[in-house]
Amino acid sequence: MSEPISALNHASYDGIAKVRECGLQGMITLRGDLSDKVLAKAVKDATGQKMPGQREALVYGDSGVCWMSTDELLVLVPYAEVEAKLAAMTNALSGTHALAVNVSDARAVFSISGSNAREVLGKLAPVELSAEAFQPGQIRRSRLAQVAGAFWMDDAETFRVVCFRSAADYVFKLLKVAAQPGSEVGVY
């Protein structure tokens, strides 16, 4: 059996911000009634995190949970643990109207870091990214030019971006162009 590899094998680029493909990340899409106590316990058991509020990302390292919509969460776990966490979650949700699916290999994750990270992402997504409007712990689902994506901030100068694996090369190239030296526009 072959070893899993990430979409772009840790590609990176240094410009006005550092753009880096993060590598393998365990991801489970969880759909169901987010007010259900059984679902909340399954999330807590898998990640150690409480149920996130609307547009909230409770992520620390490679574990956490992100609100994606009124009935959907993105559960993040270490890649090596995703199958065991999914099995435990499925078992815990038995008898509950919910769906948990491993989407790890269908997604790519990027990091944008540095003092110009907001500016780089702001060129691609129609989202207000000022420090007043978007802060660590918040998440948005949006467009990254022509493809769907989601992003949150790990800290004041670091974004994590998730997109479909099939669009990983496109997104990386978009981020590289947006991070080209001399491309600063001074919005943020």
Side-chain angles (χ1 to χ4, degrees), residues 1-10 21-111 121 125-127 133-144 146-155 158-168 170-171:
M1 187 167 166
S2 62
E3 291 296 315
I5 60 169
S6 65
L8 300 177
N9 202 21
H10 302 280
E21 194 240 0
C22 296
L24 298 172
Q25 171 67 62
M27 289 182 251
I28 299 168
T29 292
L30 177 59
R31 301 212 61 161
D33 178 355
L34 302 188
S35 66
D36 187 301
K37 289 182 182 358
V38 174
L39 195 117
K41 184 174 181 336
V43 168
K44 178 86 169 171
D45 290 348
T47 67
Q49 296 297 322
K50 65 178 180 140
M51 189 66 73
Q54 185 176 21
R55 291 187 302 274
E56 189 174 26
L58 305 173
V59 181
Y60 301 95
D62 57 1
S63 293
V65 60
C66 301
W67 181 94
M68 299 301 277
S69 73
T70 57
D71 69 345
E72 181 181 357
L73 300 174
L74 179 63
V75 178
L76 303 169
V77 298
Y79 186 84
E81 298 174 17
V82 70
E83 289 300 330
K85 298 278 187 177
L86 178 62
M89 188 176 285
T90 301
N91 186 50
L93 295 171
S94 177
T96 302
H97 183 73
L99 173 68
V101 178
N102 179 356
V103 296
S104 307
D105 295 325
R107 306 285 188 269
V109 182
F110 296 92
S111 170
L121 191 55
V127 174
F134 196 86
Q135 300 174 359
Q138 295 179 320
I139 187 168
R140 293 294 185 279
R141 290 177 86 167
S142 186
R143 308 286 307 164
L144 304 169
Q146 298 299 313
V147 297
F151 51 87
W152 64 90
M153 296 186 80
D154 288 327
D155 59 51
T158 308
F159 286 90
R160 254 196 282 180
V161 177
V162 175
C163 68
F164 289 112
R165 185 182 179 112
S166 59
Y170 173 74
V171 170

_Minimum-distance pair of heavy atoms, taken over all atoms of Val171 and Cys163_ = CG2-SG, 3.8 Å
_Close side-chain approach of Asp33 and His97, heavy atoms under 4.5 Å_ = no
*Can you tell me if Gln25 and Asp62 form a side-chain donor-acceptor pair at under 3.5 Å?*
no
*Rounded to the nearest 0.5 Å, what separation is found between the OG atom of Ser6 and the CG atom of Asp105?*
10.5 Å
*How far does CD of Gln138 sit from CD of Gln54, to the nearest 0.5 angstrom?*
11.0 Å
*Between Trp67 (side chain) and Ser69 (backbone), is there a donor-acceptor pair under 3.5 Å?*
yes
_For Gln146, is the CD atom crowded, meaning more than 12 foreign heavy atoms sit under 6.0 Å from it?_
no
_Taking CZ in Phe164 as the centre, count heavy atoms belonging to other residues, nucleotides or ligands within less than 6.0 Å. Is the count above 12?_
no
*Can you tell me how far NZ of Lys37 sits from CE of Met51, rounded to the nearest 0.5 angstrom?*
10.5 Å
*asked:* When you measure from the side chain of Thr47 to the backbone of Gln49, do you find a donor-acceptor pair of N or O atoms at a distance under 3.5 Å?
replied: yes
*asked:* Ignoring hydrogens, what is the shortest heavy-atom contact between Met153 and Phe159? Give both atom names and the distance.
replied: CG-CE2, 3.4 Å
*With side chains defined as the heavy atoms from C-beta onward, is the minimum distance between Pro52 and Cys66 less than 4.5 Å?*
no
_Could you tell me if the side chain of Leu24 sits less than 4.5 Å from the side chain of Ser104, heavy atoms only?_
no
*asked:* On a heavy-atom basis, which atom in Gly23 and which in His10 lie closest, and how many Å separate them?
replied: CA-CE1, 3.5 Å
*Taking the side chain as C-beta and beyond, is there a heavy-atom pair between Leu39 and Leu34 under 4.5 Å?*
yes
*So how far is it from Asn91 CG to Leu86 CG, rounded to the nearest 0.5 Å?*
11.0 Å
*Over all atoms of both residues, closest heavy-atom pair of Ala46 and Met89*: CB-CE, 3.6 Å
*Glu21 and Ala7: which non-hydrogen atoms are nearest, and at how many Å?*
OE2-N, 3.2 Å
*Quick one: pull up CD in Gln135 and CG in Asp155 and give me the separation to the nearest 0.5 Å.*
13.0 Å
*Okay, side chain of Arg141, backbone of Met68: is any donor-acceptor separation there less than 3.5 Å?*
yes
_I need the Ile139 CD1 to Leu74 CG distance, nearest 0.5 Å._
6.5 Å
_side-chain contact (heavy atoms from CB on, under 4.5 Å), paired with Val65, selected from Leu76, Val43, Leu30_ = Val43
*Going by heavy atoms in the side chains, are Met27 and Val109 under 4.5 Å from each other?*
yes
*Is a side-chain donor or acceptor of Glu72 paired with a backbone partner of Thr29 at a separation under 3.5 angstrom?*
no
_Can you give me the closest heavy-atom contact between Leu144 and Tyr170, atom names plus distance?_
O-CE2, 4.1 Å
